[in-house]
Amino acid sequence: MEQRIEIEPIIGPRADVALMAGYYSPQIEVDVRLNTNEAPEPPPPDFLSRLQERLTEIDFNRYPEREANQLRQAIAKHHGVALNQVYCANGSNEILQSILLAYGGDGRFAAVFEPTYALHSHIAQVTGTSVVSGVRNSDFLIELTEFDRVVHECEVQSGSRPAVTFLCSPNNPTGRLEPFETITGVLERSSGLVIVDEAYGQFAPRSAIDLLAAHRNLLVVRTFSKTWSLAALRLGYVIADSEIIDALWRVTLPYHLDAIKQVAGELALEFESEMNDRVERIVAERVRLVGELKKLPLRVIPSDANFILFQLNGGDAKGAWQSLVDRSVLVRDISSLPRLAGFLRVTIGTSEENDLFLQALRDVLA
Ligand code: PMP
């Protein structure tokens with residue numbers, strides 16, 4: 001008689017995935033939305049009308065150009081690098097995921113320095129990469145001695161050094177720009193890749209892109225979501241050595257970048273001076289906002305990004321966040337993240353939005 005084998009059904013997710021928390025940032029309807037570091041202004045009207053024209057030229061029944069050559073060429077030209085040093089994906093988060101798919105995984109480690117962008121360790125875990133964490137100093141900057149400690153801990157734990165080190169500069173959520181000496185120090189001490197996440201790079205006075213020629217293990221990640229006023233587009237890119245870019249293509253799904261995105265990204269780069277004007281306006285508003293916040297009973301962290309981190313003096317950040325929402329102002333409550341008790345983060349908006357935020361915050365603190 002035929003014997004029936006009982007097979008345990010697999011209906012749950014991977015055990016480690018089941019334990020993960022997904023991305024959470026409330027999308028609440030308010031008048032003043034300053035919680036996700038987007039650009040406060042829409043793209044220039046001329047960009048939108050020219051995009052409409054370009055969309056009519058797309059063969060929508062055909063798959064898009066697989067390697068997005070025109071878009072990548074435009075980005076390469078923008079940064080003065082070669083075409084084979086540029087790789088694009090659907091937002092810089094997907095870039096980070098591709099890097100970890102290619103260079104992370106089982107038995108490999110990614111180093112992060114808290115507090116930093118939570119998605120770095122989250123994406124590492126999703127790709128089966130183990131995470132080793134260091135801490136930033138009291139000014140939220142990375143010390144090379146701390147980097148050495150993390151590498152040592154990784155060696156003791158696993159017998160190997162981190163395959164990938166994340167530096168976020170300017171760092172989210174602190175806004176701090178890492179000094180060049182720190183970045184070059186980490187590059188020189190690393191046997192693996194060093195990812196400098198420059199999602200906020202345009203708001204800062206210097207970029208690690210200048211270090212690419214001298215360091216083969218450096219990857220600089222950028223996005224169209226902030227400066228380019230195109231968060232809805234979901235487009236990011238990385239610049240690195242061509243061998244690294246080759247490896248990223250190996251983990252890429254066919255036709256991963258849709259034709260609309262390719263056209264829109266290429267067109268956006270033609271509006272560089274308009275974008276630079278926006279960056280200038282945001283930086284000027286940031287300087288003004290820091291000045292105003294410093295007049296209040298708060299600890300204000302210096303910022304090189306399009307947001308500001310501040311701590312309520314012994315205050316209840318969650319309560320203050322809710323009181324701001326009650327006044328139709330949404331900022332980011334990050335007070336439950338490691339070492340950020342009492343902290344809130346506000347994105348720089350238009351000057352009207354910033355005034356409304358300031359007024360609401362003054363009311364809340366009064
Ligand atoms: N890196 C950092 C540091 C970020 O803050 C963000 C967005 N919050 C991203 C990457 C992801 O940006 P996107 O996927 O929109 O390009």
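Along the sequence shown, residues are numbered consecutively beginning with 1. Order of appearance sets the numbers: ligands from 1, and atoms from 1 within every ligand.
Within the 4.0 Å heavy-atom shell around ligand 1 one finds Lys226. Within the 4.0 Å heavy-atom cutoff, Glu94 does not count among the residues contacting ligand 1. Using a non-hydrogen distance threshold of 4.0 Å, Asn37 does not register as a contact of ligand 1. Using a 4.0 Å heavy-atom cutoff, Ala231 is absent from the residues neighbouring ligand 1. Judged by the shortest distance from any of its heavy atoms, Ala199 lies inside the 4.0 Å radius around the atoms of ligand 1.
Two residues are said to be in side-chain contact when any heavy atoms from C-beta on lie closer than 4.5 Å; Gln202 and Met275 fail this criterion. Residues Leu358 and Arg362 have side chains in contact (heavy-atom distance under 4.5 Å, counting atoms from C-beta outward).
The atoms of ligand 1 that sit less than 4.0 Å from any heavy atom of Cys168 are 3 (C). Those atoms of ligand 1 with a heavy atom of Ser225 less than 4.0 angstrom away are 13 (P), 15 (O), 16 (O). Close approach to Gly91 involves these atoms of ligand 1, each under 4.0 Å from a residue heavy atom: 14 (O), 16 (O). Against a heavy-atom cut-off of under 4.0 Å, Asn172 is close to the following atoms of ligand 1: 3 (C), 4 (C), 5 (O).
For Tyr200, every heavy-atom contact with ligand 1 shorter than 4.0 Å involves the side chain, none the backbone.
With sequence neighbours excluded, no residue forms a salt bridge (Lys or Arg N to Asp or Glu O under 4.0 Å) with Glu353.
Between Arg234 and ligand 1, at least one N/O pair is under 3.5 Å apart. On a distance-only criterion, His120 and ligand 1 share no N/O pair closer than 3.5 Å.
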In residues 236-246, what donor-acceptor pairs under 3.5 Å come from side-chain atoms, sequence neighbours left out?
from	atom 1	to	atom 2	distance (Å)
Tyr237	OH	His79	NE2	2.6
Asp241	OD2	Glu243	N	3.0

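Of all heavy-atom pairs spanning Ile308 and Ile301, the tightest one is CG2-O, 4.2 Å. Phe60 and Leu55 get closest at one heavy-atom pair: CE1-O, 3.5 Å.
Here CD of Glu94 is found 11.0 Å from SG of Cys88. Values are rounded to the nearest 0.5 Å.
Annotation: cation-pi geometry not satisfied between Arg286 and Phe203 (NZ/CZ under 6.0 angstrom from ring centroid, within 45° of ring axis).
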